[in-house]
Amino acid sequence: MSYVVSLGQYQPVWEEGGQRVTGPDEDLITLAVAAGRLALGGHNPPQRVVLLSAEPEYLDGVPLPVLLRGLDLSPEVPAELRVGGAPAVLDAVASAAPGTLVIGVSTGRGAAAGAALVHDRGMLLEDRSTVANSLPMRVQSVHAHQTHVYADGRVERELGWKPTIEALAGGHDKPMVVGIDAKDAKRLGGRIIDGIPAGAAGPLFALGGMAEQLEGGRLVAIDAAIGAAVTASAVGEITVTRDVRPPLPAAARPRLVGAELTIPFSMPSYERAVVEKLTLTAMRCPQCGTEAYPRRERCITCGRMGDGEAFRLPRSGEIYSTVTVYAPVPGVPTPRALAIVSLLPTTVRVLAVVTDATPDAARIGGRGELVLRLVAIREGVPDYGYAFRPEVAA
Amino acid sequence: MRRVAMVGAGMIPFGELFDTGMKEMLPRTLAAALASVDKGMTAAELQAAWFGNLQPSDGFPAGVLADSCGLLDIPVTRVENQCATGNDAIRNAALAVGSGQVDVALAIGADKTRETSTLSTFWDWMGMARDKAWDYPLGLIAPASFAMHVARFMHEFDVRPEHLAMVAVKNHHNAVTNPNAHLRFEVTVEQVLAAPRVAGPFGVLDCSPQSDGAAAVVLVAEKFADRYTDRPVWVRGFGLALDRVMHAHKHDMTTFPSTLRAAKAAFAMAGIQPSDIDVAELHDCFSGVELMNYEDLGFCERGGAAKLIESGETAVGGRLPVNPSGGLKAKGHPPGATGVAQCVELFEQLRGQAHNQVDGARWGLAQNVGGPTAVSAVTILEANP
């Protein structure tokens, strides 16, 4: 039994064949941060973070420290990465202790991220049950670059989905079914809500939909012959925050042209900048108030040496100047715009890639927000930082 | 400081010099500079050399110059100051001659930008010019870096794409008669505007080409000038100045503060005003940058650049011809050589020998702005009275 007090839902802006797909600067971590921040808005920091995905790009090294920084959390908050799809996400939410942030991400077609903050009040999830039968319809080996698919939808339906749903329905006549395509769920007699992505984020979008429609009921999440289910009831208040923009055609995404040239990388240089970068922490001179980002050893106004007062920069800003780069740049997707953004009311400006927009969409004076993105991959190391996401007309 | 005379200046034609390595370029350029000395000079008379070179080609730059040119008995110093490199090499040589330590000095600049593939050159140069952790991974290539300034400049001062194109048209026209120019063809405003886009307001025809090339000048102390020529050109002023390196730290991007500072120093040293200049070679790596330079150098008021290019005053035959050589835009831009080649053009202009001669030119000015738009050099030369 658990309570969910807040849900965050994010999908990339790009769309292809009716499905959302990630932009060139998005991955598991940036999607997780986008949804996680929405769920955390206004709440106390969680005591634990659980990130689940069936397609982790990185098993070690990068993800969790960047996730915590991107969520504005202390690096001491325990965080774990679990490999799993929709059932694992629903089970994680239903079994988590209060103070846990559970994030489910799928990065493939229908890319989406959902986050749930488990609390001691909110939407009640109870009667948790799970099924885990072996039906390896899709096998993704860490040694292989592609997923091995047993291409027989009828086998998956008859041997996987159908018995799993039956086992988990818990006496409910028409459970909500997530984790698979909505049309399949419907064929199997499941209830659906429009706009729920398949995959790991599905249960968290479904819970949000149920909360918004003020209905409870049985929620079944399935993946082949693996499943998990809970019964949800809207006992307490729950906030659902969604960031899903009107789609842009994926064909307009910036893309790598020509040679795949690696961008040289220095680990010490990365390490010196990473915290300031990921947390948007600037420095104010205690003597004269001059702001610096990144920090400076010597204040440019009064010459004072050493660290100043750290402060967090605002995440919204206004474009001072911007240009779209059309020329192919090795290792950098084009065409795409760069912008110098004033983070008013501070005096700080940042240089950022303009993201989630078609070329020439950014204008001097335009407003938008800084979002964590994969800025570059340098000698194999993902280099995260902030990109500028222009506002869209409401 | 002793007065410094320029008694020789020469260059090799800029272009894609695939068949010429640094070790061939440098001796040929030195020979061209020595051959221009009216009463003759040999390499053995040089007492020190400064070599402007941004990107080493064929190894250790100072050593390659000394080795290939037979300058093993004199000190050779490599100068690297981004696009201001060439004029900074001249400044260093002039300081040495002016100080009395050296009587005959060589300032030579060379780069081979076509020695690497077109695409990798972007990263090679950015690696020298951008903060490794913050700006480098964003891919702020040189055209984008300057376009960020020009976009804001156009926004604030009602400068239109046609005004940028007029710079390209003018400088291409000037290069047609310059045997040393890389791009010797005319372009029209319509062609410039219709060219494939590169970054922001710049299309391909707004951008200088990637050139190989080298140029050299010989500076001597006043008391030895008449041993070499009766018509020296005088180095009357120079300035070199820096600015904030990261673009986000540039307070007003409609101006290049490093140019303001370098120009102030050079004009003060020469004791003249911007209105005294008769001919100028300015840094037009991208068309709109020439317009910004007009304002930074005081050739027009703030916001007056569009009107100045429209008026035709900066064409050859106008009140203040700018880039009669064709400029970086059409003559070419091997950065280490660029500033030196500007002074080669001014040397010829101030001696009445230029291919696009500005009648009666007395004062000439050369200017560069470069790197992450964070360094400028200005050199002011005067004709012999």
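These figures come from a predicted structure and were not determined experimentally. In what follows, every chain begins at residue 1, and chains take the letters A, B, ... in the order their sequences are listed.
- Heavy atoms of A/V375 lying under 4.5 Å from chain B belong to its backbone as well as its side chain.
- Between the side chain of A/S321 and the main chain of B/M148, a donor-acceptor pair closer than 3.5 Å is present.
- Within residues 187-194 of chain B, no residue approaches chain A closer than 4.5 Å by heavy atoms.
- Of all non-hydrogen atoms in B/A133 and A/S269, the two that sit nearest each other are CB-OG, 3.3 Å.
- Remark: side-chain polar atoms of A/Y293 are not paired, donor with acceptor, to backbone N or O of B/A248 under 3.5 angstrom.
- At a 4.5 Å heavy-atom cutoff, the contact between A/Y320 and chain B is made by backbone and side-chain atoms alike.
- A donor-acceptor pair under 3.5 Å is absent between the side-chain atoms of A/R349 and the main chain of B/H249, judged by distance alone.
- The side chain to side chain donor-acceptor pair (under 3.5 Å) contacts involving residues 298-308 of chain B comprise B/D252-B/R302, B/T254-B/R302, where partners must be two or more places apart or lie in separate chains.
- Scanning for side-chain hydrogen bond (donor to acceptor under 3.5 Å, both in side chains) contacts around A/R295 gives A/E297, A/D307, with sequence neighbours left out.
- In terms of heavy-atom pairs under 4.5 angstrom with chain B, the leader among A/L338, A/T347, A/V353 is A/L338.
- Of the atoms belonging to A/A387, not a single heavy atom falls under 4.5 Å from chain B.
- When A/V341, A/T334, A/L351 are compared by the number of non-hydrogen pairs under 4.5 Å with chain B, A/L351 comes out ahead.
- At a 4.5 Å heavy-atom cutoff, A/S266 makes no contact with chain B through either its backbone or its side chain.
- For A/A292, no part lies under 4.5 angstrom from a heavy atom of chain B.
- Interface remark: of the candidates A/I300, A/I364, A/V325, A/I364 forms the most heavy-atom pairs closer than 4.5 Å to chain B.
- Looking at heavy atoms from C-beta onward, A/P294 lies in side-chain contact with B/W134 at the 4.5 angstrom threshold.
- Closest of all the heavy-atom pairs between A/T322 and B/A151 is O-CB, 3.8 Å.
- With sequence neighbours excluded, the residues satisfying side-chain hydrogen bond (donor to acceptor under 3.5 Å, both in side chains) with A/T324 are A/D360.
- Residue with the most contacts toward chain A among B/M246, B/K250, B/H155: B/H155 (heavy-atom pairs, distance under 4.5 Å).
- The nearest pair of heavy atoms linking B/G139 to A/V332 is CA-CG2, 4.3 Å.
- In terms of heavy-atom pairs under 4.5 Å with chain B, the best-connected choice from A/R272, A/R296, A/E276 is A/R296.
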